[in-house]
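The block underneath contains the structure these notes are about, expressed in structure tokens.
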Amino acid sequence: MEKNKYESIYNELQDLIQKEIDITLVNNQPINIYGPLQYLLEAGGKRLRPLLTIASAKLVGGSTRDALKPAIAVELLHNFSLIHDDIMDNAPIRRNKQTIHTRWNNSIAILSGDLLLAISFKKAIENFDEHTSNLIIGAMIEALIEICEGQGYDLEFETNRNVTLDDYLMMIEKKTAKLIENAMLIGGYVGKANNNELNLLRQIGNNIGMGFQIQDDLLDLSATTPKFGKMQGQDLKEGKKTYLFFIAKMQITDKSSLELLNKFLINKGLSEEDIPVMIEIFRKNGVFDIAKNMINEYYNKALNLLSNFPDNDNNEDKEFLEQLIHNIFERGY
């Protein structure tokens, strides 16, 4: 697909998504819990998940109009999880703005997050028959359970020094990949996809989600753009065991670097002066390159799976999704 054509469709969908979000939250009371939601969602974000829902629906013969509200529901569900994640992580910044619990307080953040979750489920099934509604709600419930379980493992892993790379991959599949997977499944349900198409969409979403999270881990240490929305090395500061940490454990052999890695484990994080040192250690030991190769593996799997969808006279929908996947893996924030 030509770049101008892709950007035109992309911008049009982003506008539709934002307008539907605004409609969903406008003029609602009490303002002390709706206001923070408007504040959060005005900050934007990549809107990756609703884009994938709409693109998946169109790929299997559905329409943007039918997919829009379920797509918004997925985005609201995602943002609910971010509000609560920020409380648990005591994170001060999200999308270059103060987090809700920081700007207001924990009580407002918890309540507004709960409200957003309820709104997302209500939004998901507007204008659908019972059969399609049940499929969409089933996917939303599956995603929510997986997110919560993934966050539970994430909390458990903070104090467990025996976590393995396989444990970590299982955790990010639940916490990140399953929502993207179900976002694409919901698009498939809207478009009346057959079982083979649904299976392909599930696998594509899973690979996008896994690559996306490892890419986030990498960008935490390498992104220089303000758009990334948090300080470089935040995961190292907070003691988060990411994909790069597990690769570093396998790659690093020299004594001084191992001492810093152990310091990270013992202190459950690094001081700000140690972070640049650790980043350079990762770079010198090929950790960044290994992460990039793994991201590319997930990217290529997603594209190979997408190629199983047949070409037709109007291949615009397939080409758009292909370009969207490509752009996801080329992002700098």
Side-chain angles (χ1 to χ4, degrees), residues 11-54 64-128 133 136-148 150-151 175-176 178-180 182-183 186-187 190 227-230 333:
N11 291 333
E12 181 183 343
L13 290 177
Q14 288 282 16
D15 287 345
L16 286 171
I17 289 166
Q18 188 58 53
K19 285 175 183 175
E20 190 64 32
I21 288 172
D22 292 342
I23 289 168
T24 304
L25 297 177
V26 73
N27 295 329
N28 283 310
Q29 298 292 331
I31 194 63
N32 67 331
I33 51 175
Y34 278 98
L37 296 182
Q38 292 168 339
Y39 164 85
L40 172 69
L41 289 156
E42 283 169 359
K46 291 174 281 293
R47 308 293 195 226
L48 164 65
R49 292 153 192 85
L51 284 169
L52 288 170
T53 299
I54 294 169
T64 299
R65 179 180 177 181
D66 288 341
L68 184 58
K69 288 183 179 180
I72 299 308
V74 170
E75 180 67 4
L76 299 184
L77 175 60
H78 170 58
N79 278 272
F80 145 78
S81 72
L82 298 183
I83 294 170
H84 284 199
D85 272 4
D86 287 342
I87 298 168
M88 287 181 273
D89 293 342
N90 199 26
I93 300 294
R94 168 75 64 181
R95 297 168 183 159
N96 290 316
K97 295 176 71 172
Q98 281 184 291
T99 48
I100 290 178
H101 74 275
T102 304
R103 178 157 176 167
W104 284 271
N105 55 56
N106 283 358
S107 296
I108 289 294
I110 291 168
L111 188 57
S112 62
D114 291 346
L115 174 63
L116 195 60
L117 176 62
I119 293 170
S120 74
F121 274 79
K122 181 181 179 182
K123 191 77 177 176
I125 56 174
E126 290 180 9
N127 306 328
F128 288 101
S133 293
I136 292 170
I137 286 294
M140 293 279 288
I141 291 170
E142 180 185 348
L144 177 58
I145 290 171
E146 295 283 1
I147 289 169
C148 292
Q151 183 65 18
K175 189 173 176 181
T176 301
K178 287 294 182 180
L179 179 54
I180 293 176
N182 279 284
I186 287 170
V190 170
K227 289 184 178 180
F228 190 58
K230 59 181 183 178
Y333 63 97

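Counting begins at 1 with the first residue of the sequence.
- Residues meeting the side chain to side chain donor-acceptor pair (under 3.5 Å) test with Thr102, sequence neighbours left out: Thr99.
- In this structure the side chain of Ile100 never reaches within 4.5 angstrom of the side chain of Asp86, judged on heavy atoms.
- In this structure, Leu179 and Glu146 have side chains that are not in contact, with every pair of non-hydrogen atoms separated by 4.5 Å or more.
- Here the side chain of Gln14 pairs a donor or acceptor atom with the backbone of Lys46 at under 3.5 angstrom.
- Atom NE2 of His84 is separated from atom OG of Ser112 by 7.0 Å, given to the nearest 0.5 angstrom.
- Heavy-atom minimum distance, Pro70 versus Val190: CG-CG2, 4.0 Å.
- A search for ring-ring contact (aromatic ring centres under 6.0 Å, His included) contacts involving His78 returns nothing, not counting sequence neighbours.
- Atom CD of Gln29 is separated from atom CG of Asn27 by 8.0 Å, given to the nearest 0.5 angstrom.
- Using a 4.5 Å heavy-atom cutoff, the side chains of Ile141 and Phe121 are in contact.
- In this structure, Ala71 and Pro50 approach most closely via the heavy-atom pair O-CB, 3.4 Å.
- Checked against Thr24 for a side-chain hydrogen bond (donor to acceptor under 3.5 Å, both in side chains), the options Lys19, Lys122, Lys123 give a single hit: Lys123.
- Between Tyr34 and Leu115, the closest side-chain pair of non-hydrogen atoms falls below 4.5 Å.
- Within the model, atoms CG of Asn182 and OG1 of Thr53 stand 9.5 Å from one another, a figure rounded to the nearest 0.5 Å.
- Atoms CG and CG, from Leu76 and Leu116 in turn, are 5.0 Å apart once rounded to the nearest 0.5 Å.
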Candidate pair Arg94 and Asn79, rule side-chain contact (heavy atoms from CB on, under 4.5 Å), full reasoning: CA-CA 11 Å; Arg94 168 75 64 181; Asn79 278 272; over 6 Å; no

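- Atoms CD1 and CG, on Ile72 and Asp22 in that order, are 9.5 Å from each other to the nearest 0.5 Å.
- Contact of the Gln18 side chain with the Ile21 side chain is registered, since non-hydrogen atoms from C-beta on lie closer than 4.5 Å.
- A heavy-atom distance below 4.5 Å is found between the side chains of Met140 and Leu77.
- The salt bridge (charged side-chain N to carboxylate O under 4.0 Å, His left out) contacts involving residues 68-77 comprise Arg47-Glu75, Lys69-Glu126, where partners must be two or more places apart or lie in separate chains.
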With a 3.5 Å cut-off and sequence neighbours excluded, list the donor-acceptor pairs that the side chains of residues 35-42 form with protein atoms.
from  : atom 1 : to    : atom 2 : distance (Å)
Gln38 : NE2    : Leu25 : O      : 2.8
Tyr39 : OH     : Gln98 : N      : 3.1
Tyr39 : OH     : Gln98 : O      : 2.7

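- With contacts defined as side-chain heavy-atom distances shorter than 4.5 Å, the pair Ile147/Phe80 does not qualify.
- Residues forming a salt bridge (Lys or Arg N to Asp or Glu O under 4.0 Å) with Asp114 (at least two apart in sequence, or on another chain): none.
- Across Ile83 and Gly113, no two heavy atoms sit closer than the pair CD1-CA, 3.9 Å.
- Contact of the Leu144 side chain with the Leu117 side chain is registered, since non-hydrogen atoms from C-beta on lie closer than 4.5 Å.
- The nearest pair of heavy atoms linking Gln151 to Asp85 is OE1-OD1, 3.0 Å.
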Which donor-acceptor pairs under 3.5 Å do the side chains of residues 103-110 make with protein atoms, sequence neighbours left out?
from   : atom 1 : to     : atom 2 : distance (Å)
Asn105 : OD1    : Ser107 : N      : 3.1
Asn105 : OD1    : Ile108 : N      : 2.8

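- Atom CD1 in Ile93 sits 7.5 Å away from atom CG in Asn96 (nearest 0.5 Å).
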